[in-house]
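What follows is a single structure, written as structure tokens, with notes after it.
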Amino acid sequence: MSQTIDIPELSRTPITFCAGPQAFFAVEYDPATGEVVMLDQRRLPTEVVYYRYTKPDQVADGIRDMVVRGAPAIGISAAYALVMVARAEEGEAASFLVANGAASRVLNATRPTAVNLAWAIARMSRKAADVAKLDPRARYEAMLAEADAIHREDVESCRAMGKLGAEDVPDGATILTHCNAGALATGGYGTALGVIRAAKEAGKTIRVLADETRPYLQGARLTSWELHVDGIDVEVISDNMAGHFFQKGEIDFVVVGSDRIAANGDVANKIGTYSVAVLAKEHGVPFTVAAPWSTVDMAMPDGSGIPIEERPRDEVAKVGDKVLVADGIGCRHPAFDVTPARYVKAIYTERGAIHPSDGQTPADLDP
Ligand code: MRU
């Protein structure tokens, strides 16, 4: 690819890069300056621009405004925002905990569907309570170590689930994916795209069809870019073409990510995922999901209770600056949908695989 990807210099080695000949990362922390460094995914694929955020509220805005997106990546971003709080807070334990709590509430309110966000904030807040009485420097270092652990563990999980899922990918397969569940959406490597990367690393010949993923176009703008810079064969289709390619027998395997998996195996993911799952079932093609355990919400009995984020009208009414729908006409934008467990052939996690359509549930992997 002719595009050069310039990576901002950090005072430490990034936790991970996207695998492949060209390096990039979605989010990192720079300890020398206390900044959260984030790739603006809204400007991809035409511009590769990184921002350096100096305040937790800027990170919250970045999550809400989709500078960073993808369930694990927003959790990691929130964890680093809480590291910023620890770095700035020099007071006693009580004021540190008040500041941590206030920032946590702001971060938690940014995006409701992806449970990884609340999970990462809760984990950081438990660590804050544990270390609140330490001196400010030690407190900050402990919070940074916890955020780094969340980041590192996410990449390890992606690699583990990728390897597991890759075993089910037939050699020579054409794989359909929806949205972007790649290195851009995680700590690195990706969940669904981790399965695809691992299949390639295992020596399988694979080809990817990426749904464009209206209205935010994560498939067209992000998945195709990410796979292309990694040297993986990819073509983009508009969402309404998927049925045609299933009917023609051109799709052998489907893998997507998830924003929240309920205790019964129902899966919330990017709007349009449910339609893909129904098509896959009709055509006898395995519909599979790759997600870290931090996406599993054992407190949510089934998908009907998962909060579905409603995003602004203009994300549907416009593409970039181009107006598609006249002023005064309403548009709906639920950002996610729920695929019932019976459509899901497999969920790959770092703990192992579950087969919801065969009656297995996440509880089978919960010790
Ligand atoms: O609205 P987005 O772009 O944050 O939605 C992302 C998705 O739906 C991904 O498929 C999901 O978060 C899994 S990412 C590994």
Side-chain angles (χ1 to χ4, degrees), residues 26 38-49 51 57-71 73-74 106 109-114 117 176-182 184-185 209-226 228 234-247 254 256-260 267-280 282 303-340:
M38 228 181 238
L39 174 59
D40 187 349
Q41 300 194 25
R42 301 167 307 180
R43 297 167 76 162
L44 287 172
T46 46
E47 293 173 289
V48 180
V49 177
Y51 299 136
D57 281 358
Q58 295 171 330
V59 177
D61 289 345
I63 295 171
R64 189 183 304 103
D65 298 343
M66 310 273 283
V67 173
V68 66
R69 30 65 52 202
I74 63 178
V106 172
T110 53
R111 299 201 69 192
T113 304
L117 178 65
L176 179 70
T177 191
H178 190 75
C179 194
N180 172 268
L184 289 165
L209 287 181
D211 272 345
E212 67 172 347
T213 320
R214 271 281 290 159
Y216 222 80
L217 305 176
Q218 289 93 332
R221 294 187 304 104
L222 307 178
T223 295
S224 67
W225 179 81
E226 178 178 330
H228 186 65
V234 58
E235 288 175 308
V236 177
I237 60 172
S238 63
D239 298 331
N240 54 357
M241 294 174 187
H244 169 79
F245 287 109
F246 274 113
Q247 205 173 43
V254 180
V256 298
S258 173
D259 291 82
R260 195 184 296 227
V267 171
N269 191 48
K270 179 52 53 194
I271 191 73
T273 301
Y274 172 49
S275 319
V276 172
V278 173
L279 280 168
E282 169 69 17
S304 64
I306 296 177
I308 301 294
E309 177 182 3
E310 287 272 349
R311 291 194 59 89
R313 166 199 186 274
D314 275 3
E315 291 180 355
V316 172
K318 292 179 175 178
V319 174
D321 293 333
K322 170 89 183 150
V323 175
L324 301 180
V325 181
D327 283 353
I329 300 170
C331 298
R332 299 289 307 276
H333 185 186
F336 301 94
D337 59 25
V338 174
T339 298

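The first residue in the sequence is number 1, and the count goes up from there.
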Please list, chain by chain and in numerical order, all residues satisfying ring pair (Phe, Tyr, Trp, His ring centres under 6.0 Å) with F246, sequence neighbours excluded. H283

Going from CD1 on I74 to CZ on R111, what distance comes out if it is rounded to the nearest 0.5 angstrom? 5.5 Å

Qualifying residues under salt bridge (charged side-chain N to carboxylate O under 4.0 Å, His left out), relative to E282, sequence neighbours excluded: none

Pair up each side-chain donor or acceptor in residues 64-71 with any protein partner under 3.5 Å, not counting sequence neighbours, and list the distances.
| from | atom 1 | to | atom 2 | distance (Å) |
| --- | --- | --- | --- | --- |
| R64 | NH1 | D61 | OD1 | 2.8 |
| R69 | NH1 | Q41 | OE1 | 3.1 |
| R69 | NH1 | N180 | OD1 | 3.0 |
| R69 | NH2 | N180 | O | 2.7 |

Quick one: are I237 and D211 in side-chain contact, heavy atoms under 4.5 Å? yes

Do R42 and Y216 touch side chain to side chain, with heavy atoms closer than 4.5 Å? yes

Hits for salt bridge (charged side-chain N to carboxylate O under 4.0 Å, His left out) against D57, two or more places apart or cross-chain, chain-then-number order -> none

For the backbone of H178 and the side chain of T213, can you confirm whether one donor and one acceptor N or O come within less than 3.5 Å of each other? no

Is there a donor-acceptor contact under 3.5 Å from the side chain of R221 to the main chain of L44? yes

Should I271 and F336 count as side-chain neighbours, where that means a heavy-atom distance under 4.5 Å? no

Sequence-distant partners of E212, side chain to side chain contact (heavy atoms under 4.5 Å, CB included), two or more places apart: R214, L217, A220, V236, S238, D239

Is any side-chain heavy atom of V276 closer than 4.5 Å to a side-chain heavy atom of V254? yes

L39 side chain reached by V49 side chain, heavy atoms, under 4.5 Å: no

Please enumerate all residues that pass side chain to side chain donor-acceptor pair (under 3.5 Å) together with T273, with sequence neighbours excluded. N269

Judged by atom type as modelled, is there a donor-acceptor pair below 3.5 Å linking the side chain of T223 to the main-chain atoms of C179? yes

Close side-chain approach of V59 to Y51, heavy-atom, < 4.5 Å: no

Without placing hydrogens or testing angles, list every side-chain donor-acceptor pair under 3.5 Å for residues 320-334, not counting sequence neighbours.
| from | atom 1 | to | atom 2 | distance (Å) |
| --- | --- | --- | --- | --- |
| R332 | NH2 | E310 | OE2 | 3.2 |
| H333 | ND1 | E315 | OE1 | 3.2 |

Any sub-3.5 Å donor-acceptor pair from D337's side-chain atoms to G272's backbone N or O? yes

As a quick check of understanding, evaluate side chain to side chain contact (heavy atoms under 4.5 Å, CB included) for V48 and W225, giving each step before the final call. CA-CA 11 Å; V48 180; W225 179 81; 4.1 Å; yes

Can you name the nearest heavy-atom pair linking V267 to G257, along with the distance? CG1-O, 4.5 Å

Are the side chains of L176 and F245 in touch, meaning some heavy atoms are under 4.5 Å apart? no

Can you list everything that forms a salt bridge (charged side-chain N to carboxylate O under 4.0 Å, His left out) with R313? Sequence neighbours excluded, please. none

Side chain to side chain donor-acceptor pair (under 3.5 Å) against Q247, all qualifying residues, sequence neighbours excluded: none

Nearest heavy atoms of A60 and T110, plus distance in Å: O-CG2, 3.4 Å

Of all heavy-atom pairs linking T113 and A268, the shortest is CG2-CB, 4.3 Å

